[in-house]
Amino acid sequence: MAEPDRAVGPGRAAAASAAAGCVLAGTVAVIVAVVAGPGPGLTGYVSEAGVAGSGYAPTYRIGVFALAAGLLLLAVALPPALRIAAALLGTGSACTVLSGAVTCSAGCPLPPIEAATVADLVHGGASIAATAAVVFAMLALLLSPATGPPLRRIAGLGAVLALPLSATIALAMLTVGRSDLVGVLERLLLAVVAGWGLATATALGLTRR
């Protein structure tokens, strides 16, 4: 009997390969916008690269939308038995699109430390929800009996790294707010999420029925 995540037909394998390409391209575009843009460095949020008026805002948004496409393609690539993880990835994709479509104001302020506009709350909430959905997708793959060993190992590593980072960021945002600590931790968490997505898509793309 074939392992659950080895039962991947040509269509799903193609979707997985496309997902890997989108995740890689989107990650590169966002990195370029963050590094080359006029942002405040590690102190600021990654989203500040997409603030209206920034010369690299279009590059940032292209990267975000590419990542959203990557999440949706990854959801399509998962075997039918992993429908919960696929639904979470679909939710993460929709939230990522909303995050890219609604830009925050300068500094991307968030409560309770800073006063925020409606756009800030929508953008921040969508960004947090997107990241949370992907982390929960890792857990769904880790805990599902239908997940084969390759995807389970990748999900386990992703969850081990992402969960403590997520908890620390949440605590820091509530108590410290905008700071070098939050900036560095946010970048580490996003790197883990992107790395997990790329590794999972690659593993699925290399499988054959």
Side-chain angles (χ1 to χ4, degrees), residues 1-27 30 46 63-101 124-170 185-209:
M1 182 177 177
E3 291 176 358
D5 52 89
R6 285 201 173 277
V8 176
R12 293 184 186 277
S17 298
C22 286
V23 171
L24 181 59
T27 301
V30 170
V46 169
V64 170
F65 292 141
L67 289 169
L71 291 177
L72 185 59
L73 286 165
L74 185 55
V76 172
L78 288 176
L82 300 174
R83 63 180 67 89
I84 294 178
L88 286 166
L89 289 173
T91 301
S93 175
C95 291
T96 302
V97 169
L98 180 59
S99 172
S127 299
I128 293 170
T131 305
V134 176
V135 174
F136 282 126
M138 297 179 194
L139 290 174
L141 289 173
L142 179 62
L143 299 176
S144 173
T147 305
L151 293 190
R152 191 184 304 279
R153 285 192 294 269
I154 296 170
L157 178 59
V160 164
L161 295 173
L163 288 175
L165 282 172
S166 300
T168 306
I169 290 171
L185 291 176
E186 181 199 28
R187 284 157 175 76
L188 288 175
L189 177 58
L190 294 177
V192 169
V193 168
W196 171 82
L198 182 59
T200 301
T202 301
L204 284 169
L206 292 175
T207 60
R208 292 293 182 269
R209 184 177 296 277

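Values in this document were obtained by computation on a predicted structure and should not be read as measured data.
- In terms of heavy atoms, A137 sits closest to W196 at CB-CH2, 4.4 Å.
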Could you list the donor-acceptor pairs under 3.5 angstrom formed by side chains in residues 77-87, with sequence neighbours left out?
none

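- In this structure, CG on L185 lies 11.0 Å from CG on L190, to the nearest 0.5 angstrom.
- The closest donor-acceptor contact from the side chain of R152 to the backbone of A146 lies at 3.5 Å or more, if one exists at all.
- To the nearest 0.5 angstrom, L139 atom CG is 9.5 Å from L88 atom CG.
- Between A199 and I154 the shortest heavy-atom distance is O-CD1, 3.7 Å.
- When every heavy atom of C95 is checked against every heavy atom of A129, the shortest pair comes out as SG-CB, 3.8 Å.
- Around atom CZ of F65, more than 12 heavy atoms belonging to other residues, nucleotides or ligands sit under 6.0 Å away.
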Return a table of donor-acceptor pairs under 3.5 angstrom between the side chains of residues 156-165 and protein atoms on other chains or two or more places apart.
none

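- With values rounded to the nearest 0.5 angstrom, T168 atom OG1 is found 10.0 Å from L189 atom CG.
- Minimum interatomic distance between A130 and G92 (heavy atoms only, all atoms of both residues): CB-O, 3.6 Å.
- M138 contributes atom CE, which lies 9.0 Å from atom CG of L89 (distance to the nearest 0.5 angstrom).
- Note that the OG1 atom of T202 and the CG atom of L24 stand 8.5 Å from one another [nearest 0.5 Å].
- Checked by atom type and distance alone, the side chain of T147 never pairs as donor or acceptor with a backbone atom of L143 at under 3.5 Å.
- Residues L204 and R12 have side chains not in contact (no heavy-atom distance under 4.5 Å, counting atoms from C-beta outward).
- Of all heavy-atom pairs spanning A66 and G26, the tightest one is CB-CA, 3.7 Å.
- Pairs passing the side chain to side chain donor-acceptor pair (under 3.5 Å) check and including a residue from residues 85-97, sequence neighbours excluded, do not occur.
- Contact detail for S17 and G205: the closest heavy-atom pair is OG-CA, 3.9 Å.
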Next on the checklist: Working note: V23 + L67, criterion side chain to side chain contact (heavy atoms under 4.5 Å, CB included); need CA distance, chi angles, decisive distance, verdict.
Outcome noted: CA-CA 5 Å; V23 171; L67 289 169; 4.3 Å; yes
